[in-house]
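Quick one: the structure is below, questions incoming.
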Amino acid sequence: MRDLYIYNSLTRQKELFKPINEGFVGMYVCGPTVYSDVHLGNVLTFTNFDIIYRFLLHLGYKVRYVRNITDVGHLLDDGEDRMLRGAKADNLEPMEVAQKYSNGFHHMMRVFNNLEPSIEPRATGHILEQIEMVQAIMDNGYGYVANGSVYFDTIKFAKATGEYGKLSGRVIEELLVESRDNLKNQDDKRHPADFAIWMKASPEHIMKWNSPWSVGFPGWHLECSAMSTKYLGNHFDIHGGGNDLKFPHHENEIAQNLGACRCTPANYWLHTNMLLLNGKKMSKSDGNNVSPAELFTGDSPFLSKGYSAMTMRFFILQSHYGSTLDLTDEGLQAAEKGLKRLMEANKALQSLETKQLDSAELDAEINGLCEQIYVDMCDDFNSPKALSRLFELVPKINSLSNGVIPMNQISSASLEKLKKVFRQFIFDVFGLLDDENSNASGPLDGLMELILDLRQQARTNKDWPTADKIRDKLVESHIVVKDGKDGTSWSIG
RNA sequence: GGUCGGGUGGCCGAGCGGCUAGGCAGAGCUCUGCAAAAGCUUGUACACCGGUUCGAAUCCGGUCUCGACCUCCA
């Protein structure tokens, strides 16, 4: 298998990826909290991990990809559970809220052509495991009970292990200093850096379970520790998530795992960066936001028109997962055209044939670029660079296709390899779909065939006024007519 | 305030010591009844000031500036 290098957030450097078990990868990615519709930021994160997952599969790894669904315990500022807030807003049971938005999330993942994870556990389905983990943390002396809730003793843990803050770069002394001002706001906690691993529920709280400490519910960070351990073991290969989860969520997750079993959960931590809009983080809470629905329809002050999910996916591919991505209308337009160009080139490529059996002039360059695509992807999943290689090949393909370069300048072996690399990277690794194919227009097709046939007759008779009238009227109806070498095609837009 | 990451051509976005990606837009050309579409070719760049080096967008120091996180967020 090829050498794969991954930027590890934990060590802040690129490292050679060495799986714990040869040929196998265990990967855990923090999934969404299903209390409202997914937004494009979520899409960015999960699409980035989808590409990572797909490439690992492509390299030949057997991957167990676990991505959770948070349906309890993720609290708002005022202490209200996100799920309950959602339930009140929609007048639904909490589990109806979870189901509704899980469905929406799954639908959107499919629209963006993200593969399903191997296991998608829910927090509410793993209450027992979470209670057991709280107990293990207590047994190791890193938890304390206060008023029915259980808190993780961050300070004690930090002092005993020296492990707290490594991922996020927090300094424990600063946490201590901070405490003096903030302590009065923290009811039961001994220290503001402590965090709840089990919360006692108030009487009106609906989502609650029995536990040794109280009728309550698990803390938000706990579910990921418990579920990753359950499905991947207490030590696995990759843990991923959005950058904004690095602290406190992932830091606390590590603390919990260490606190429960003295085991660092993952060898490699991957963090995707944020989606920006107007240079600022896209965020539902402050309105700096474009929803997937708005993206598709174009019904947003930030967009001039609608864009397909594949355009967005291509847009995502053009930047590295570790960099912020600034969503702009102009950027999306560029992506839309770029995607089309790539797809057209691939279509042309797949229909090329050559009888050249010996090696030929173009072979070295083409094989070199094909190889580079792998090198780029193995360098911390550098999809923009890999994509650029594909685009470097496009002029060659088009020139072969339209006869500017004769077909005997490429050997059949190289041509087959090129075809395969294009197919595999565009569809299998990058997960792009051809929008054109899914755009079948039903009854319009027959109608357009008739109209274009009439126009062709006029053109054959050199009746330009009639031919142009048809074309102009169609443009008014947002149908563009394109006269090509092999007949006339049309498209909506 | 603390921690971290950025500032690259008109826009987006890679590269991170020499070989100066790529997409879009622009320009030229080809095709075409005209147009559109498509294709081919192609220019402009590394926030600022010092330093290290034979050589820096890339390393070091400083300045300005933007953003993320610091218990709501993917």
Side-chain angles (χ1 to χ4, degrees), chain A residues 9 12 29-33 38-49 74-78 80 82 85 165 168-171 174-175 177-178 182 186 189 192-196 220-221 240-249 251-252 271-276 279-286 314-315 317-320 322-342 344-345 348 372 376 382-392 394-395 398-399 401-402 404 459 462 464 467-468 471-472 475 480-485 488-491:
Chain A
S9 301
R12 280 163 216 171
V29 172
C30 290
T33 302
V38 278
H39 76 112
L40 275 181
N42 296 301
V43 170
L44 172 70
T45 296
F46 301 127
T47 301
N48 274 142
F49 280 110
H74 198 166
L75 305 183
L76 290 156
D77 261 349
D78 55 11
E80 187 176 15
R82 284 170 176 270
R85 168 72 61 87
S168 58
R170 304 293 133 161
V171 183
E174 279 162 19
L175 295 173
V177 173
E178 219 177 323
N182 298 359
Q186 315 287 328
K189 286 198 231 175
D194 295 351
F195 54 92
W220 172 42
H221 312 302
N243 218 342
D244 49 356
L245 296 184
K246 210 187 262 181
F247 189 87
H249 185 62
E251 195 69 72
N252 290 350
H271 287 96
T272 57
N273 219 132
M274 297 294 104
L275 184 63
L276 310 182
K280 290 249 167 80
K281 180 178 168 182
M282 198 183 270
S283 168
K284 242 186 319 201
S285 50
D286 61 17
F314 183 88
F315 185 63
L317 279 161
Q318 277 187 306
S319 82
H320 189 256
S323 309
T324 52
L325 175 60
D326 200 354
L327 188 86
T328 60
D329 191 61
E330 220 176 347
L332 285 168
Q333 280 191 33
E336 186 173 58
K337 291 191 179 168
L339 172 63
K340 192 176 174 199
R341 185 162 135 90
L342 183 67
E344 293 295 325
Q372 266 304 313
D376 296 335
N382 197 327
S383 64
K385 214 170 166 187
L387 234 199
S388 78
R389 306 296 180 187
L390 251 29
F391 274 99
E392 283 181 63
V394 165
N398 286 330
S399 296
S401 174
N402 61 27
V404 170
R459 293 182 75 208
K462 296 199 192 295
W464 308 128
D468 290 351
R471 184 175 67 195
D472 295 344
V475 167
V480 182
V481 174
K482 302 165 200 168
D483 296 326
K485 266 239 146 72
T488 300
S489 64
W490 60 278
S491 64

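In what follows, chains are A, B, ... by sequence order, proteins preceding strands, each numbered from 1.
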Note to self: Is it the case that B:G33 (base atoms only) and A:Asp468 (side chain only) share a donor and an acceptor within less than 3.5 Å, ignoring hydrogens and angles?
What the structure shows: yes

Note to self: Suppose you measure atom C1' in B:C31 against the same atom in B:G39; what distance do you get, rounded to whole Å?
What the structure shows: 8 Å

Item checked: Options B:A37, B:A36, B:A74, nucleotide nearest the side-chain atoms of A:Val480 -> B:A36

Note to self: Need one value for A:Ser401: base, sugar-phosphate or nothing, where a base atom within 4.0 Å counts as base even if backbone is also close, heavy atoms only.
What the structure shows: nothing

Notebook entry, point to check: Among B:C4, B:C11, B:C73, which nucleotide sits nearest the side chain of A:Trp220?
Noted result: B:C73

Next item on the list: Report the nucleotide, chosen from B:G23, B:C40, B:A38, that has the shortest atom-to-atom distance to any side-chain atom of A:Gln318.
Entry: B:G23

Check: Does a side-chain heavy-atom distance below 4.5 Å link A:Lys385 with A:Arg389?
Finding: yes

Next item on the list: Decide, applying a 5.5 Å centre-distance limit and a 30° plane-angle limit (both strict), whether A:Phe46 stacks on B:A74.
Entry: no

Note to self: What's A:Leu325 touching, base or sugar-phosphate or nothing? Going by heavy atoms closer than 4.0 Å.
What the structure shows: sugar-phosphate

Next item on the list: List for me each residue that meets salt bridge (Lys or Arg N to Asp or Glu O under 4.0 Å) alongside A:Asp329, sequence neighbours excluded, and say none if there are none.
Entry: none

Checklist line | 5' priority, RNA chain B, between A:Val394 and A:Lys337 [closest heavy atom] | finding: A:Lys337

Item checked: A:Ser383 side chain to A:Leu317 backbone, donor-acceptor under 3.5 Å -> yes

Margin query: Checking contacts here: which listed nucleotide (B:A14, B:G39, B:A74) is nearest the side-chain heavy atoms of A:Lys385?
Written below: B:A14

Item checked: hbond_proxy A:Arg471 side chain to B:A36 base (donor-acceptor, 3.5 Å cutoff) -> no

Check: Within the structure shown, what part of the strands sits under 4.0 Å from A:Lys280 by heavy-atom distance: base, sugar-phosphate, or nothing?
Finding: sugar-phosphate

Next item on the list: Quick one: label A:Arg459 by what it contacts on the DNA or RNA (base, sugar-phosphate, nothing), any heavy atom closer than 4.0 Å.
Entry: base

Notebook entry, point to check: Using the P atom in both, what is the distance from B:C60 to B:A25, to the nearest Å?
Noted result: 38 Å

Check: Considering only B:C4, B:C40, B:G2, which nucleotide approaches the side chain of A:Pro395 most closely?
Finding: B:C40

Next item on the list: Considering only atom C1', compute the distance from B:C59 to B:C46 and round it to an integer number of Å.
Entry: 16 Å

Next item on the list: Look at all strands and tell whether A:Asn48 reaches a base, only sugar-phosphate, or nothing, counting heavy atoms closer than 4.0 Å.
Entry: nothing

Next item on the list: Have a look at A:Asn382 and say if it touches a base, only the backbone sugar-phosphate, or nothing, with a 4.0 Å heavy-atom cut-off.
Entry: sugar-phosphate

Item checked: Sugar-phosphate, base or nothing in reach of A:Ser489, heavy atoms under 4.0 Å -> nothing

Notebook entry, point to check: Heavy atoms under 4.0 Å, any strand shown: does A:Phe315 hit a base, just sugar-phosphate, or nothing?
Noted result: sugar-phosphate

Checklist line | Pairing nucleotide - B:A45, Watson-Crick or G-U, each distance under 3.5 Å | finding: none

Notebook entry, point to check: Which value, in whole Å, describes the distance between the P atoms of nucleotides B:G26 and B:C11?
Noted result: 15 Å

Notebook entry, point to check: Within the structure shown, what part of the strands sits under 4.0 Å from A:Ser283 by heavy-atom distance: base, sugar-phosphate, or nothing?
Noted result: base

Check: Is A:Glu392 touching bases, backbone alone, or none of the nucleic acid, heavy atoms closer than 4.0 Å?
Finding: sugar-phosphate

Note to self: Taking any heavy-atom pair under 4.0 Å as a contact, classify A:Lys246: base, sugar-phosphate, or nothing.
What the structure shows: nothing

Note to self: Looking only at the side chain of A:Phe247 (C-beta and beyond, no hydrogens), which of the listed nucleotides B:C73, B:C69, B:G33 gets closest?
What the structure shows: B:C69

Notebook entry, point to check: Mapping A:Gly331 and A:Pro32 to their closest nucleotides on RNA chain B, which lands nearer the 5' end?
Noted result: A:Gly331

Notebook entry, point to check: Is the shortest heavy-atom distance from the side chain of A:Asn243 to the side chain of A:Thr324 under 4.5 Å?
Noted result: no

Next item on the list: Determine the Euclidean distance between corresponding P atoms of B:U20 and B:U42; express it in Å to zero decimal places.
Entry: 13 Å

Checklist line | C1'-based separation of B:G1 from B:G43 [nearest Å] | finding: 47 Å

Check: Mind checking whether A:His221 and A:His249 have parallel, tilted or perpendicular rings, split at 30° and 60°?
Finding: tilted

Next item on the list: Assign A:His320 to base, sugar-phosphate, or nothing according to its heavy-atom contacts below 4.0 angstrom with the strands shown.
Entry: sugar-phosphate

Check: What distance, rounded to whole Å, do you find between the two C1' atoms, one in B:C4 and one in B:A27?
Finding: 42 Å

Notebook entry, point to check: Rounding to the closest angstrom, what is the interatomic distance between B:U44 and B:A21 at atom P?
Noted result: 11 Å

Next item on the list: Could you check which of B:A74, B:G22, B:G13 has an atom nearest any side-chain atom of A:Asp326?
Entry: B:G13

Check: Quick one: does A:Asp483 reach the base of B:A35 with a side-chain donor-acceptor pair under 3.5 Å?
Finding: yes

Check: Of all the nucleotides listed (B:C11, B:A74, B:A21), which has the minimum atom distance to the side chain of A:Ser388?
Finding: B:A21

Check: When we call it a touch if two heavy atoms are under 4.0 Å apart, what does A:Leu387 touch: a base, just sugar-phosphate, or nothing?
Finding: nothing

Notebook entry, point to check: Checking all strands, does A:Asn402 fall into the base, sugar-phosphate, or nothing category for heavy-atom contacts under 4.0 angstrom?
Noted result: sugar-phosphate

